[in-house]
Amino acid sequence: MNMPAPNDPELDALLGAYALDALEPDERARVDAYIAENARARDEVDELRESAASLAAGPDR
Amino acid sequence: MGHMQRRAAPDGDLARVVREGDRLALAELYSRHAGPCLALARRVLADRVLAEEVVQEVFLRLWRRPERFDPDRDPCVRFCSLKCTADRSTCCGRRRRGGPANSATHFAAPRSTTDLERAVGTLSEGEAVRRALADLSEGERGAIELAYFGGHTYREVAQLLELPEGTVKSRIRSGLLRLRAALIDEGVNE
(Lines give C-alpha, C1' and ligand atoms only; values in the text may rest on other atoms or scores of the structure.)
Protein backbone atom coordinates (compact mmCIF):
# COMPACT_ATOMS: atom_id res chain seq x y z
CA MET A 1 0.00 0.00 0.00
CA ASN A 2 1.29 3.43 -0.91
CA MET A 3 2.11 6.00 1.72
CA PRO A 4 -0.47 8.78 1.64
CA ALA A 5 0.93 12.08 0.38
CA PRO A 6 1.83 14.36 3.33
CA ASN A 7 -0.47 17.21 4.26
CA ASP A 8 0.83 20.73 3.85
CA PRO A 9 -0.94 23.27 6.08
CA GLU A 10 0.28 26.17 3.98
CA LEU A 11 -1.30 24.70 0.85
CA ASP A 12 -4.37 23.51 2.75
CA ALA A 13 -5.00 27.14 3.66
CA LEU A 14 -5.24 27.95 -0.05
CA LEU A 15 -7.89 25.35 -0.86
CA GLY A 16 -10.84 27.67 -0.33
CA ALA A 17 -9.46 30.34 -2.63
CA TYR A 18 -8.48 27.60 -5.08
CA ALA A 19 -12.05 26.32 -5.16
CA LEU A 20 -13.24 29.85 -6.00
CA ASP A 21 -10.55 30.24 -8.65
CA ALA A 22 -9.20 33.15 -6.63
CA LEU A 23 -5.49 32.28 -6.59
CA GLU A 24 -2.60 33.81 -8.45
CA PRO A 25 -1.39 31.57 -11.31
CA ASP A 26 1.76 30.43 -9.48
CA GLU A 27 -0.24 29.46 -6.40
CA ARG A 28 -2.83 27.69 -8.48
CA ALA A 29 -0.09 25.61 -10.10
CA ARG A 30 1.23 24.63 -6.67
CA VAL A 31 -2.22 23.58 -5.49
CA ASP A 32 -2.79 21.66 -8.75
CA ALA A 33 0.33 19.64 -8.03
CA TYR A 34 -0.62 19.19 -4.38
CA ILE A 35 -4.12 17.86 -4.94
CA ALA A 36 -2.91 15.57 -7.71
CA GLU A 37 -0.96 13.73 -5.00
CA ASN A 38 -3.10 14.23 -1.93
CA ALA A 39 -6.52 12.56 -1.96
CA ARG A 40 -7.75 14.26 1.21
CA ALA A 41 -6.99 17.70 -0.14
CA ARG A 42 -8.63 16.73 -3.42
CA ASP A 43 -11.77 15.64 -1.60
CA GLU A 44 -11.87 18.93 0.27
CA VAL A 45 -11.57 20.84 -2.98
CA ASP A 46 -14.46 18.81 -4.41
CA GLU A 47 -16.59 19.67 -1.40
CA LEU A 48 -15.69 23.33 -1.49
CA ARG A 49 -16.41 23.48 -5.20
CA GLU A 50 -19.77 21.95 -4.59
CA SER A 51 -20.51 24.70 -2.08
CA ALA A 52 -19.22 27.28 -4.54
CA ALA A 53 -21.41 25.89 -7.31
CA SER A 54 -24.43 26.21 -5.03
CA LEU A 55 -23.45 29.79 -4.37
CA ALA A 56 -24.12 30.64 -8.00
CA ALA A 57 -27.73 29.61 -7.44
CA GLY A 58 -28.05 31.93 -4.46
CA PRO A 59 -28.46 35.68 -4.33
CA ASP A 60 -30.22 37.25 -7.26
CA ARG A 61 -28.18 40.13 -8.41
CA MET B 1 -8.66 7.75 -18.24
CA GLY B 2 -10.26 6.23 -15.13
CA HIS B 3 -12.41 7.98 -12.56
CA MET B 4 -9.63 8.69 -10.05
CA GLN B 5 -7.27 9.79 -12.79
CA ARG B 6 -9.85 12.25 -14.06
CA ARG B 7 -10.40 13.69 -10.62
CA ALA B 8 -6.68 14.17 -10.11
CA ALA B 9 -5.88 15.36 -13.63
CA PRO B 10 -5.01 18.98 -14.32
CA ASP B 11 -7.44 20.88 -16.55
CA GLY B 12 -5.12 20.71 -19.55
CA ASP B 13 -4.99 16.92 -19.49
CA LEU B 14 -8.76 16.73 -19.23
CA ALA B 15 -9.17 19.07 -22.17
CA ARG B 16 -6.85 16.84 -24.14
CA VAL B 17 -8.99 13.74 -23.59
CA VAL B 18 -12.14 15.71 -24.31
CA ARG B 19 -10.62 15.99 -27.79
CA GLU B 20 -10.61 12.21 -27.90
CA GLY B 21 -14.30 12.12 -27.07
CA ASP B 22 -14.14 11.49 -23.32
CA ARG B 23 -17.49 12.73 -22.03
CA LEU B 24 -16.62 12.10 -18.40
CA ALA B 25 -13.58 14.36 -18.76
CA LEU B 26 -15.94 17.07 -19.96
CA ALA B 27 -18.17 16.39 -16.96
CA GLU B 28 -15.18 16.76 -14.65
CA LEU B 29 -14.27 20.09 -16.23
CA TYR B 30 -17.89 21.12 -15.90
CA SER B 31 -18.08 20.28 -12.22
CA ARG B 32 -14.89 22.25 -11.62
CA HIS B 33 -15.70 25.34 -13.59
CA ALA B 34 -19.41 25.70 -14.24
CA GLY B 35 -20.08 27.41 -10.90
CA PRO B 36 -17.50 30.20 -11.21
CA CYS B 37 -18.35 30.48 -14.89
CA LEU B 38 -22.00 31.02 -14.09
CA ALA B 39 -21.19 33.56 -11.41
CA LEU B 40 -19.16 35.58 -13.87
CA ALA B 41 -21.74 35.22 -16.63
CA ARG B 42 -24.42 36.50 -14.27
CA ARG B 43 -22.29 39.46 -13.40
CA VAL B 44 -21.79 40.32 -17.04
CA LEU B 45 -25.28 39.57 -18.30
CA ALA B 46 -27.45 40.44 -15.29
CA ASP B 47 -29.97 37.92 -16.60
CA ARG B 48 -29.95 34.59 -14.92
CA VAL B 49 -31.51 32.51 -17.67
CA LEU B 50 -29.24 34.02 -20.28
CA ALA B 51 -26.22 33.46 -18.04
CA GLU B 52 -27.12 29.80 -17.63
CA GLU B 53 -27.47 29.48 -21.39
CA VAL B 54 -24.05 31.03 -21.90
CA VAL B 55 -22.43 28.57 -19.53
CA GLN B 56 -24.07 25.61 -21.24
CA GLU B 57 -22.97 27.04 -24.56
CA VAL B 58 -19.35 27.24 -23.44
CA PHE B 59 -19.17 23.61 -22.48
CA LEU B 60 -21.17 22.50 -25.47
CA ARG B 61 -18.72 24.38 -27.64
CA LEU B 62 -15.79 22.71 -25.93
CA TRP B 63 -17.42 19.35 -26.61
CA ARG B 64 -18.21 20.04 -30.25
CA ARG B 65 -15.10 21.93 -31.23
CA PRO B 66 -12.41 20.73 -28.81
CA GLU B 67 -9.75 21.34 -31.46
CA ARG B 68 -10.24 25.06 -30.94
CA PHE B 69 -9.07 24.71 -27.41
CA ASP B 70 -5.30 24.50 -27.06
CA PRO B 71 -4.44 22.86 -23.72
CA ASP B 72 -0.70 23.27 -24.31
CA ARG B 73 -0.98 26.98 -24.70
CA ASP B 74 -3.26 27.44 -21.71
CA PRO B 75 -3.15 24.41 -19.41
CA CYS B 76 -5.25 26.20 -16.81
CA VAL B 77 -8.39 26.40 -18.93
CA ARG B 78 -9.63 29.76 -17.83
CA PHE B 79 -13.14 29.08 -19.04
CA CYS B 80 -14.51 32.27 -17.71
CA SER B 81 -12.37 34.48 -19.88
CA LEU B 82 -12.47 31.93 -22.66
CA LYS B 83 -16.10 32.48 -23.36
CA CYS B 84 -18.00 35.27 -21.77
CA THR B 85 -17.24 37.99 -24.26
CA ALA B 86 -17.41 35.72 -27.28
CA ASP B 87 -20.67 34.04 -26.34
CA ARG B 88 -22.44 37.09 -25.16
CA SER B 89 -23.10 38.29 -28.69
CA THR B 90 -24.17 34.94 -30.11
CA CYS B 91 -26.44 34.17 -27.21
CA CYS B 92 -28.11 37.56 -27.22
CA GLY B 93 -28.31 37.50 -31.01
CA ARG B 94 -30.06 34.17 -31.10
CA ARG B 95 -32.50 35.32 -28.54
CA ARG B 96 -33.33 38.43 -30.49
CA ARG B 97 -33.76 36.47 -33.67
CA GLY B 98 -35.71 33.49 -32.52
CA GLY B 99 -37.13 33.98 -29.05
CA PRO B 100 -35.87 31.88 -26.14
CA ALA B 101 -33.11 29.47 -27.05
CA ASN B 102 -33.96 25.80 -26.98
CA SER B 103 -32.35 24.74 -23.74
CA ALA B 104 -32.83 21.04 -24.53
CA THR B 105 -30.28 21.47 -27.29
CA HIS B 106 -27.89 23.15 -24.93
CA PHE B 107 -27.94 20.33 -22.45
CA ALA B 108 -27.89 17.55 -25.02
CA ALA B 109 -24.19 16.74 -25.16
CA PRO B 110 -23.08 16.48 -21.55
CA ARG B 111 -26.35 15.50 -19.92
CA SER B 112 -25.63 11.80 -19.69
CA THR B 113 -23.48 11.95 -16.56
CA THR B 114 -24.62 12.16 -12.97
CA ASP B 115 -21.95 14.71 -12.07
CA LEU B 116 -23.39 17.03 -14.59
CA GLU B 117 -26.96 16.52 -13.51
CA ARG B 118 -25.98 17.26 -9.95
CA ALA B 119 -24.18 20.43 -10.97
CA VAL B 120 -27.13 21.61 -12.99
CA GLY B 121 -29.50 20.63 -10.20
CA THR B 122 -27.82 23.07 -7.86
CA LEU B 123 -29.00 25.93 -10.05
CA SER B 124 -32.49 25.66 -8.62
CA GLU B 125 -31.62 25.84 -4.93
CA GLY B 126 -31.52 29.59 -4.57
CA GLU B 127 -33.62 29.99 -1.45
CA ALA B 128 -31.77 27.35 0.57
CA VAL B 129 -28.49 28.91 -0.47
CA ARG B 130 -29.62 32.33 0.67
CA ARG B 131 -30.44 30.89 4.09
CA ALA B 132 -27.10 29.11 4.21
CA LEU B 133 -25.26 32.30 3.31
CA ALA B 134 -26.97 34.04 6.19
CA ASP B 135 -25.25 31.56 8.53
CA LEU B 136 -21.82 32.87 7.63
CA SER B 137 -20.07 35.60 9.54
CA GLU B 138 -20.06 38.95 7.80
CA GLY B 139 -16.31 38.66 7.23
CA GLU B 140 -16.64 35.25 5.61
CA ARG B 141 -19.54 36.28 3.44
CA GLY B 142 -17.83 39.46 2.28
CA ALA B 143 -14.60 37.69 1.36
CA ILE B 144 -16.40 34.93 -0.51
CA GLU B 145 -18.66 37.29 -2.39
CA LEU B 146 -15.81 39.53 -3.50
CA ALA B 147 -13.79 36.54 -4.68
CA TYR B 148 -16.66 34.66 -6.24
CA PHE B 149 -19.07 37.19 -7.61
CA GLY B 150 -16.51 39.94 -7.91
CA GLY B 151 -13.97 37.73 -9.64
CA HIS B 152 -11.11 38.99 -7.47
CA THR B 153 -8.17 36.91 -6.28
CA TYR B 154 -7.89 36.56 -2.51
CA ARG B 155 -4.95 38.97 -2.59
CA GLU B 156 -7.08 41.59 -4.27
CA VAL B 157 -9.84 40.94 -1.75
CA ALA B 158 -7.32 41.50 1.05
CA GLN B 159 -6.34 44.83 -0.47
CA LEU B 160 -9.94 45.87 -0.99
CA LEU B 161 -10.90 45.03 2.58
CA GLU B 162 -7.56 46.21 4.01
CA LEU B 163 -7.07 42.88 5.76
CA PRO B 164 -4.06 40.57 5.96
CA GLU B 165 -3.96 38.03 3.14
CA GLY B 166 -3.88 35.18 5.65
CA THR B 167 -7.14 36.39 7.18
CA VAL B 168 -8.89 36.48 3.82
CA LYS B 169 -7.54 33.07 2.86
CA SER B 170 -8.83 31.45 6.01
CA ARG B 171 -12.18 33.26 5.88
CA ILE B 172 -12.79 32.00 2.37
CA ARG B 173 -11.98 28.45 3.37
CA SER B 174 -13.86 28.43 6.65
CA GLY B 175 -16.81 30.19 5.05
CA LEU B 176 -17.06 27.63 2.27
CA LEU B 177 -16.79 24.77 4.75
CA ARG B 178 -19.51 26.32 6.87
CA LEU B 179 -21.62 26.92 3.78
CA ARG B 180 -21.27 23.28 2.91
CA ALA B 181 -22.40 22.20 6.37
CA ALA B 182 -25.39 24.54 6.15
CA LEU B 183 -26.31 23.26 2.70
CA ILE B 184 -26.19 19.70 3.94
CA ASP B 185 -28.55 20.72 6.75
CA GLU B 186 -30.81 22.30 4.15
CA GLY B 187 -30.75 19.07 2.19
CA VAL B 188 -29.18 20.73 -0.84
CA ASN B 189 -25.89 18.86 -0.80
CA GLU B 190 -25.28 15.25 0.05
Side-chain angles (χ1 to χ4, degrees), chain A, chain B residues 4 7-11 31-39 42-43 46 48 51 55 75-76 78 80 118-119 122-130 132-133 144-149 151-157 166 168-180 182-183 188-190:
Chain A
M1 192 172 153
N2 293 334
M3 286 286 288
N7 293 326
D8 182 330
E10 190 202 338
L11 290 173
D12 281 336
L14 292 174
L15 295 181
Y18 179 84
L20 292 188
D21 197 12
L23 291 180
E24 307 295 334
D26 59 320
E27 292 171 318
R28 192 169 62 239
R30 288 176 64 208
V31 176
D32 275 337
Y34 180 48
I35 64 175
E37 298 295 324
N38 188 310
R40 184 207 51 79
R42 193 158 64 236
D43 286 344
E44 178 175 330
V45 165
D46 282 349
E47 291 174 4
L48 296 177
R49 278 190 172 133
E50 201 176 343
S51 304
S54 305
L55 211 52
D60 270 317
R61 53 185 69 219
Chain B
M4 293 309 289
R7 283 190 53 197
D11 290 344
S31 74
R32 289 183 191 181
H33 297 288
C37 224
L38 178 62
R42 286 188 64 187
R43 250 187 106 229
R48 179 175 178 144
V55 174
C76 295
R78 305 285 285 184
C80 294
R118 196 175 57 192
T122 61
L123 297 179
S124 60
E125 313 290 352
E127 185 52 38
V129 173
R130 267 190 290 277
L133 267 173
I144 288 173
E145 286 186 346
L146 277 173
Y148 194 66
F149 295 107
H152 296 288
T153 67
Y154 80 91
R155 282 189 186 155
E156 291 167 345
V157 173
V168 170
K169 246 184 333 200
S170 65
R171 280 182 184 173
I172 289 175
R173 187 180 178 209
S174 66
L176 283 178
L177 288 170
R178 202 199 298 251
L179 189 63
R180 175 173 170 75
L183 289 171
V188 174
N189 287 352
E190 294 154 21

Straight-line distance of B:L179 CG to A:E47 CD, nearest 0.5 Å: 12.5 Å

Contacts of type salt bridge (charged side-chain N to carboxylate O under 4.0 Å, His left out), residue B:R173, not counting sequence neighbours: A:E44

Which atom of B:R180 lies closest to which atom of A:S51, heavy atoms considered: CB-OG, 3.0 Å

Under 4.5 Å from any heavy atom of chain B - which part of A:N38: neither

Side chain to side chain, A:L20 and B:H152, heavy atoms closer than 4.5 Å: no

Evaluation steps, side-chain contact (heavy atoms from CB on, under 4.5 Å), between B:R7 and A:I35: CA-CA 9 Å; B:R7 283 190 53 197; A:I35 64 175; over 6 Å; no

Nearest heavy-atom neighbours spanning A:A17 and B:Y154: CB-CD2, 3.9 Å

Distance-minimising heavy-atom pair for B:T153 and A:L23: CG2-O, 4.1 Å

B:A147 to A:A22 - nearest heavy-atom pair and separation: CB-CB, 4.0 Å

B:I172 CD1 to A:L15 CG distance, which is reported to the nearest 0.5 Å: 12.0 Å

Lys/Arg-Asp/Glu bridge criterion (N-O < 4.0 Å) met for B:K169, A:E27: no

Test salt bridge (charged side-chain N to carboxylate O under 4.0 Å, His left out) applied to A:R42 - qualifying residues, sequence neighbours left out: none

